**Student:** 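Sharing a structure below in structure tokens format, with a few things to ask.
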4 protein chains.
Amino acid sequence: MEFNEHKPIYLQISENICEKVLTEEWQADERIPSVRELGSNLGVNPNTIMRTYEHLENLEIINNKRGVGFFVANDAREKIIRIQREQFLKDELPLIIRKMTLLGIKPSEVFEC
Amino acid sequence: MEFNEHKPIYLQISENICEKVLTEEWQADERIPSVRELGSNLGVNPNTIMRTYEHLENLEIINNKRGVGFFVANDAREKIIRIQREQFLKDELPLIIRKMTLLGIKPSEVFEC
Amino acid sequence: MEFNEHKPIYLQISENICEKVLTEEWQADERIPSVRELGSNLGVNPNTIMRTYEHLENLEIINNKRGVGFFVANDAREKIIRIQREQFLKDELPLIIRKMTLLGIKPSEVFEC
Amino acid sequence: MEFNEHKPIYLQISENICEKVLTEEWQADERIPSVRELGSNLGVNPNTIMRTYEHLENLEIINNKRGVGFFVANDAREKIIRIQREQFLKDELPLIIRKMTLLGIKPSEVFEC
DNA sequence: GTGGTCTAGACCACC
DNA sequence: GTGGTCTAGACCACA
């Protein structure tokens with residue numbers, strides 16, 4: 001996996017996992033890889049994966065069965081959509097519109113409306 | 001000026017200056033404030049401003065006349081537009097579109113097309 | 001390490017590192033000292049080393065693995081040779097030849113040909 | 001006149017003048033331009049020219065007749081040759097040879113011997 | 001542990 | 001006056 005320069009790796013992995021849930025590549029209640037396994041797959045320190053998992057656990061997108069592993073929460077997909085929609089509409093969209101205006105890019109040029 | 005938590009101050013100032021150039025509040029070939037002056041205006045250490053100016057000089061958006069000060073490059077506005085358009089269309093837009101698709105947000109809901 | 005008066009320390013260190021790579025004292029993909037470590041070795045502030053490393057990273061002679069350290073780029077040696085050869089042949093050599101001509105110094109006097 | 005980035009302007013002008021004397025474009029005992037005149041010709045602050053002239057006066061390459069102007073010293077050419085030869089052979093040549101060796105450039109490639 | 005950013009303050013060369 | 005470099009020391013996020 002390739003990482004963006006200026007965003008924490010653990011957050012990028014976190015987003016990647018959310019995408020897997022949104023596309024239903026990972027399904028509700030499914031067990032996800034252990035920190036060591038995912039770490040070695042991605043070429044990343046297991047501590048970093050642990051941090052990702054903690055972060056997702058705080059958001060109640062995954063949960064931990066001690067001694068067993070981490071599992072996708074059963075309402076994970078809905079939760080992600082709710083969180084990300086709110087964040088997108090509230091924080092990101094205004095910045096996008098502002099930037100497009102300054103750069104003279106019209107929505108009709110880049111979106112199919 | 002108020003600063004966002006998780007982005008370096010020197011970059012935020014840099015973006016702020018680019019906006020000033022885009023809106024033509026600062027014009028081509030115009031002298032911009034000295035590092036000390038801008039620093040005290042913004043309540044920021046002159047070294048931090050220096051860093052901003054180095055960054056903008058690398059992008060050839062401003063240039064330095066030794067012993068005199070920094071000046072807006074004469075093609076600064078075009079350069080900023082070119083750099084930011086390219087970055088937006090190439091890097092940001094695909095992510096935005098993907099995210100909107102995954103979240104089920106239609107362009108027509110949020111943009112005036 | 002001893003430093004020349006009229007050239008910035010961070011650049012002198014940078015040149016020193018390039019020599020280490022050229023002579024293969026530091027090899028491709030090898031980890032180089034942390035900013036603190038090299039700083040204390042050379043009796044120089046870590047910030048100054050940081051500046052050196054930023055400079056070399058811009059030239060893509062070293063690169064950074066986050067949280068781990070800086071590494072010699074795998075094509076660093078070739079890159080240095082290319083950059084320095086070009087600079088020497090294009091910028092320095094003409095001046096040298098001109099100066100030798102004006103001063104009446106013949107190449108055969110000072111070089112083994 | 002165009003100036004190199006990292007060398008003081010007053011020294012670059014100084015070298016330029018030495019060249020004029022070496023090529024005998026400016027001859028012994030000839031009056032040279034006033035600081036204001038040369039300054040406006042080169043697009044440079046007169047103070048900077050003054051510094052150049054002071055520097056050359058210290059080297060006894062030019063001298064000042066008060067109220068009249070600056071003049072090329074009558075043995076200026078010999079003096080410049082002596083100073084620059086020594087400096088070239090002692091300081092610059094060893095660095096040049098070192099660099100050429102490291103970069104694998106042979107004298108016979110670049111000099112007519 | 002690593003780099004990265006920031007501050008405060010100093011000193012310098014240069015214009 | 002200007003920028004440029006350097007130090008000392010702090011704090012932080014990240015791996």
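So you know, we letter chains A, B, ... as the sequences are listed, proteins then strands, and number each from 1. None of these values were measured; they are calculated from a predicted model.
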**Student:** Using a heavy-atom cut-off of 4.0 Å across all strands, would you classify A:Arg51 as base, sugar-phosphate, or nothing?
**Tutor:**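 Result for A:Arg51 = base.
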
**Student:** Quick one: are B:Asn64 and B:Tyr53 in side-chain contact, heavy atoms under 4.5 Å?
**Tutor:**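 Side-chain contact under 4.5 Å: no.
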
**Student:** Dump the pairs, protein N or O against N or O of nucleotides 9-11 of chain F, anything under 3.5 Å, distances to one decimal.
**Tutor:**
{"residue": "F:dG9", "atom": "O6", "partner": "C:Asn47", "partner atom": "ND2", "Å": "2.9"}

**Student:** Under 4.0 Å between any heavy atoms, over every strand shown, what does A:Tyr10 touch: base, sugar-phosphate, or nothing? Just pick one.
**Tutor:**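 Sugar-phosphate contact only.
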
**Student:** Across all strands, who's sitting opposite F:dA13 as a Watson-Crick or G-U wobble pair, both distances under 3.5 Å?
**Tutor:**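 The answer is E:dT2, by the H-bond criterion.
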
**Student:** Can you measure B:Ile49 atom CD1 to E:dT7 atom P for me and round it to whole angstrom units?
**Tutor:**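 In whole Å, E:dT7 P and B:Ile49 CD1 are 9 Å from each other.
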
**Student:** The side chain of C:Pro8 lies closest to which of these nucleotides: E:dG3, E:dC15, F:dT5?
**Tutor:**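 So the nucleotide nearest the side chain must be F:dT5.
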
**Student:** Would you indicate which nucleotide in E:dT7, E:dC15, F:dG3 comes nearest to any side-chain atom of B:Val35?
**Tutor:**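 The closest nucleotide is F:dG3.
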
**Student:** Would the number of heavy atoms belonging to other residues, nucleotides or ligands and lying under 6.0 Å from CZ of A:Arg31 be above 12?
**Tutor:**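 Yes.
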
**Student:** A:Ser14 side chain to A:Thr52 main-chain N or O, any donor-acceptor pair under 3.5 Å?
**Tutor:**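 Not at all, since once roles are kept as given, no pair shorter than 3.5 Å links the two residues.
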
**Student:** Where each residue is assigned the nucleotide of DNA chain E containing its nearest heavy atom, which of C:Ile32 and B:Val68 is assigned the position nearer the 5′ end?
**Tutor:**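 In this pair, the answer is C:Ile32.
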
**Student:** Tell me the interatomic distance from A:Lys7, atom NZ, to F:dA13, atom P, rounded to whole angstroms.
**Tutor:**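 In whole Å, F:dA13 P lies 18 Å from A:Lys7 NZ.
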
**Student:** What nucleotide, of F:dT7, E:dC6, E:dC15, holds the atom closest to the side chain of B:Thr48?
**Tutor:**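 For B:Thr48, the side-chain atoms sit closest to E:dC6.
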
**Student:** To the nearest Å, give me how far apart CD1 (B:Ile13) and P (E:dC6) are.
**Tutor:**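 Distance, rounded to whole Å: 8 Å.
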
**Student:** Roughly how many Å is it from CG in C:Leu38 to C1' in E:dG3, rounded to a whole number?
**Tutor:**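 Whole-Å distance recorded here is 14 Å.
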
**Student:** How close do C:Gln27 and C:Val72 get, heavy atom to heavy atom, and via which atoms?
**Tutor:**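 Shortest heavy-atom contact: O-CB, 3.3 Å.
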
**Student:** Evaluate the side-chain contact (heavy atoms from CB on, under 4.5 Å) criterion for residues B:Ile96 and B:Met100: first the C-alpha distance (whole Å), next the side-chain angles of each, then the deciding distance (0.1 Å), finally the verdict.
**Tutor:** CA-CA 6 Å; B:Ile96 292 169; B:Met100 287 173 66; 3.7 Å; yes

**Student:** Whole angstrom is fine here: how far is it from CG in B:Leu42 over to P in E:dC6?
**Tutor:**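 From B:Leu42 CG to E:dC6 P: 13 Å.
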
**Student:** Round to the nearest Å and state the distance from A:His6 atom NE2 to E:dG3 atom P.
**Tutor:**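 That distance rounds to 17 Å.
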
**Student:** Give C:Phe70 one of three labels, base, sugar-phosphate or nothing, depending on what nucleic acid heavy atoms sit under 4.0 Å from its own.
**Tutor:**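 Here C:Phe70 touches the backbone only, sparing every base.
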
**Student:** Can you measure C:Glu37 atom CD to E:dG3 atom C1' for me and round it to whole angstrom units?
**Tutor:**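 So the two atoms are 14 Å apart, to the nearest Å.
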
**Student:** Side chains of A:Pro8 and A:Arg51: closer than 4.5 Å at any heavy-atom pair?
**Tutor:**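 Result no, sub-4.5 Å side-chain heavy-atom pair not found.
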
**Student:** Nearest 0.5 angstrom please: C:Phe3 CZ to C:Leu42 CG, how far?
**Tutor:**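 Between atom CZ of C:Phe3 and atom CG of C:Leu42 there are 5.5 Å.
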
**Student:** Report which part of the nucleic acid C:Val44 touches: base, sugar-phosphate, or nothing (heavy-atom distance under 4.0 Å, all strands).
**Tutor:**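 Result for C:Val44 = sugar-phosphate.
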
**Student:** B:Arg31 CZ to E:dC15 C1': how many Å, rounded?
**Tutor:**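 Value for this atom pair: 12 Å.
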
**Student:** Between C:Gly43 and B:Glu57, which residue's closest nucleotide on DNA chain F lies nearer the 5′ terminus?
**Tutor:**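 Comparing both residues, the 5'-ward one is B:Glu57.
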
**Student:** Kindly give the heavy-atom pair with the smallest separation between A:Gln12 and A:Asn4, and that separation in Å.
**Tutor:**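 Closest approach of A:Gln12 to A:Asn4, heavy atoms only: OE1-N, 2.7 Å.
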
**Student:** Relative to the 5' end of DNA chain E, which residue comes earlier, B:Pro46 or D:Ile9, by the nucleotide with the nearest heavy atom?
**Tutor:**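 Upstream on the strand: B:Pro46.
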
